[in-house]
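Written out below as structure tokens is the structure these notes cover.
Reckoned from all heavy atoms, side chains included, excluding hydrogens, waters and symmetry mates.
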Amino acid sequence: MTLACNHVWYALALSALLTVSPAYAQKAYSPGASDTEIKLGQSTPLSGPASAFGAGAGRAVVGYFEMLNEQGGINGRKISFTQLDNAYSAPKAVEQSRKLVDDVGILAEVGTIGTVPNVAIQKYLNSKQVPQLFITAGGRRFNDPKTFPWTVPLYPDFETEGRVVAKYILKTKPDAKIGVLYQNDDYGRDYLKGLRAGLGEKASLIVAEASYELADPTIDSQIVQLKTAGIDTLIEQSSSKAAAQSIRKVHELDWNPLHIIGGSTASVETILKPAGLDASKGLVTTQFLKQPGDPAWVDDEEVKAYKEFLKKYAPSANPDDYSVLVAYMNVHAVTLALRKCGDQLTRDNLIHQATSLHGERLPMMLPGISISTKPDDYTPFKALRIATFNGTSWTLTGDPLSAE
């Protein structure tokens with residue numbers, strides 16, 4: 001009788017405990033998370049060859065989390081954010097990721113910029129099962145859930161961009177004679193691969209190709225080479241400096257091909273104005289974000305909010321710097337995924353939430369653009385917009401074009 005009573009008492013007590021304290025039963029944490037804090041980290045090129053990108057974007061990210069904490073954090077938890085300089089060096093990036101994981105004890109590394117650092121840290125973070133979350137790199141290699149399930153990109157991969165441009169060509173200029181200028185690395189080669197795949201049976205429309213190295217002082221000879229090949233459509237995936245040079249050179253040659261530039265080099269303030277607005281007239285590009293320096297968005301509420309945020313929390317960051325704009329999108333995505341985690345702040349759940357997005361729109365995204373991810377396909381952007389430069393601002397053309 002006594003033993004039976006003890007069993008009944010234990011069952012009632014356990015039931016009461018679970019009834020009174022369901023919140024405690026539901027909470028779960030990985031290292032870097034608690035009832036009051038979420039530790040996040042990032043290594044970024046604050047010095048070295050890519051410091052022009054990393055410094056401004058880095059200030060914007062720090063400022064965003066400062067603002068977020070002033071507003072109460074995420075689900076009542078403050079963000080403890082640690083940012084380290086990787087100098088855009090692969091060995092340094094690995095060293096800094098080890099510090100973030102082993103010394104700081106972060107929940108996730110977020111928003112790391114560039115292909116070189118992200119390739120370097122990918123194996124290490126995946127071996128530690130630490131989220132490499134919403135990285136800013138467009139290489140197709142970062143969408144590999146089977147091999148690297150802890151690496152989640154947040155940028156239109158360059159192959160997707162190439163496919164979208166191919167669709168635009170087939171729709172508007174099906175008999176084009178295409179020449180391609182591309183940077184001789186994954187940035188350029190992935191784009192070219194997507195362009196060819198998107199053209200499909202009409203890949204023979206590409207009649208000339210010219211590549212350049214990132215360290216080359218000029219690409220003038222490549223532009224002359226492509227013009228001599230008799231092309232009427234110039235498609236390029238170039239870095240900022242090379243894109244400005246090609247725009248000027250095409251204009252100097254009094255050459256008027258359909259000229260399509262990569263979306264990452266479409267800034268009115270930092271690329272087109274230095275190249276010359278007259279020389280830029282008629283350019284075509286892909287876009288997924290509003291351009292803060294574009295007069296077309298001068299009265300847009302999201303653009304106003306973006307500029308006001310930078311003015312207060314990162315006053316030295318240039319709002320027209322493309323890397324700053326992308327970083328702003330990125331931290332909003334990080335916040336979204338963490339909010340969706342609720343009190344289940346585990347690394348597993350963070351990856352689950354980040355790879356289970358359905359038509360989410362983030363501030364500064366163009367109309368008709370959203371991100372979606374699946375556990376077996378981490379590619380966030382499935383469509384992009386086409387825009388044409390009228391000499392003053394970019395004008396969106398048609399509906400979003402899908403890469404699928």
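- Environment of CG in Asn184: crowded, with over 12 heavy atoms of neighbouring residues, nucleotides or ligands closer than 6.0 Å.
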Tell me which donor-acceptor pairs under 3.5 Å the side chains of residues 284-295 have, and how far apart each pair is, sequence neighbours excluded?
residue: Thr285; atom: OG1; partner: Ile261; partner atom: O; Å: 2.9
residue: Thr285; atom: OG1; partner: Gly262; partner atom: O; Å: 3.4
residue: Thr286; atom: OG1; partner: Glu161; partner atom: OE2; Å: 2.7
residue: Lys290; atom: NZ; partner: Asp300; partner atom: OD1; Å: 3.1
residue: Lys290; atom: NZ; partner: Asp300; partner atom: OD2; Å: 3.1
residue: Lys290; atom: NZ; partner: Glu302; partner atom: OE1; Å: 2.9
residue: Asp294; atom: OD1; partner: Ala296; partner atom: N; Å: 2.9
residue: Asp294; atom: OD2; partner: Trp394; partner atom: N; Å: 2.8

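- Summarising the geometry of Ile369 relative to Leu384, their closest heavy-atom pair is CD1-CA, 3.8 Å, with the distance given to 0.1 Å.
- Ser238 and Glu236 share a donor-acceptor pair across their side chains, judged by distance under 3.5 Å alone.
- Salt bridge absent: Lys193 and Asp190 never bring a charged side-chain N and a carboxylate O closer than 4.0 Å.
- Using a cutoff of 4.0 Å between basic side-chain nitrogens and carboxylate oxygens, Glu159 and Arg189 are not scored as salt-bridged.
- Annotation for Leu181 and Ser246: closest pair CD2-CB, 4.4 Å, computed over non-hydrogen atoms.
- Across Gln353 and Lys340, no two heavy atoms sit closer than the pair OE1-CB, 3.5 Å.
- Using a cut-off of 4.0 Å between Lys/Arg side-chain N and Asp/Glu carboxylate O, Arg77 and Asp343 are scored as salt-bridged.
- To the nearest 0.5 Å, atom CG of residue Asp186 and atom CZ of residue Arg140 are 13.0 Å apart.
- Looking at Asp35 and Tyr29, their side chains do bring a donor and an acceptor atom within 3.5 Å of each other.
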For residues 172-180, dump all side-chain donor-acceptor pairs below 3.5 Å to protein atoms at least two apart in sequence or in another chain.
residue: Thr172; atom: OG1; partner: Tyr168; partner atom: O; Å: 2.7
residue: Lys173; atom: NZ; partner: Asp232; partner atom: O; Å: 3.1
residue: Lys173; atom: NZ; partner: Thr233; partner atom: OG1; Å: 3.4

Quiz item: Between Phe142 and Val152, is a side chain to side chain contact (heavy atoms under 4.5 Å, CB included) present by the stated rule, with each step listed?
Solution: CA-CA 7 Å; Phe142 298 117; Val152 184; over 6 Å; no
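- With hydrogens and angles ignored, the 3.5 Å screen pairs a side-chain donor or acceptor of Arg347 with a backbone N or O of Leu107.
- Side-chain contact annotation: Thr151 with Asn126, donor-acceptor N/O pair under 3.5 Å present.
- By the neighbour-count criterion of 12 heavy atoms within 6.0 Å, atom NZ of Lys241 is densely surrounded, having more than that number from other residues, nucleotides or ligands.
- Donor-acceptor pairing under 3.5 Å is lacking for the side chains of Asn349 and Thr346.
- Taking CZ from Arg196 and CG from Leu199, the interatomic distance works out to 10.0 Å, rounded to the nearest 0.5 Å.
- Looking at Gln222, its side chain does come within 3.5 Å of a backbone N or O of Ser211 through a donor-acceptor pair.
- A ring-ring contact (aromatic ring centres under 6.0 Å, His included) with Phe158 is found for exactly one of Tyr191, Tyr187, Tyr182, namely Tyr187.
- Listed here is the closest heavy atom pair of Pro319 and Tyr306: O-OH, 2.9 Å.
- Taking the six-membered ring for Trp and the full ring otherwise, Phe65 and Phe81 have centroids separated by under 6.0 Å.
- Side-chain polar atoms of Glu109 and Thr112 form a donor-acceptor pair below 3.5 angstrom.
- Counting non-hydrogen atoms of neighbouring residues, nucleotides and ligands closer than 6.0 angstrom, the CD atom of Glu201 reaches no more than 12 such neighbours.
- Annotation: Lys304, atom NZ; neighbour count of heavy atoms from other residues, nucleotides and ligands within 6.0 Å is above 12.
- No close placement of the Tyr64 and Tyr313 rings is indicated, their centers lying 6.0 Å or farther apart.
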Practice problem: Kindly indicate, with the supporting measurements, whether the criterion salt bridge (charged side-chain N to carboxylate O under 4.0 Å, His left out) is fulfilled by Lys78 and Glu66. | Solution: CA-CA 9 Å; Lys78 297 296 180 70; Glu66 180 185 342; over 6 Å; no
Quiz item: When you look at Met364 and Tyr328, which way does the side chain to side chain contact (heavy atoms under 4.5 Å, CB included) test go after all the steps?
Solution: CA-CA 9 Å; Met364 296 299 285; Tyr328 183 76; 3.7 Å; yes
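- Under the 3.5 Å distance criterion, with hydrogens and angles disregarded, a donor-acceptor pair is assigned to the side chains of Gln132 and Asn118.
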Practice problem: In sequence, state the C-alpha distance, the side-chain angles, and the governing distance for Lys99 and Glu95, and then conclude on salt bridge (charged side-chain N to carboxylate O under 4.0 Å, His left out). | Solution: CA-CA 6 Å; Lys99 285 183 181 178; Glu95 176 189 340; 3.7 Å; yes
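- Atom CG of Asp376 sits in a crowded spot, with more than 12 heavy atoms from other residues, nucleotides or ligands closer than 6.0 Å.
- Checking Asp157 against Asn143 by side-chain atom types alone, no donor-acceptor pair falls below 3.5 Å.
- Side-chain N/O atoms of Gln96 and Asn86 include no donor and acceptor closer than 3.5 Å.
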Exercise. Go through Leu310 and Val324 one step at a time and tell me if the side chain to side chain contact (heavy atoms under 4.5 Å, CB included) criterion holds.
Key: CA-CA 9 Å; Leu310 289 179; Val324 174; 3.9 Å; yes
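- At a cut-off of 3.5 Å, with distance as the only test, a side-chain donor of Asp85 or Ser47 sits close to an acceptor on the other residue.
- Annotation for Ala60 and Phe309: closest pair O-CZ, 3.4 Å, computed over non-hydrogen atoms.
- Nearest heavy-atom pair, Ser316 versus Arg59, reported as atom, atom and distance to 0.1 Å: OG-NE, 2.5 Å.
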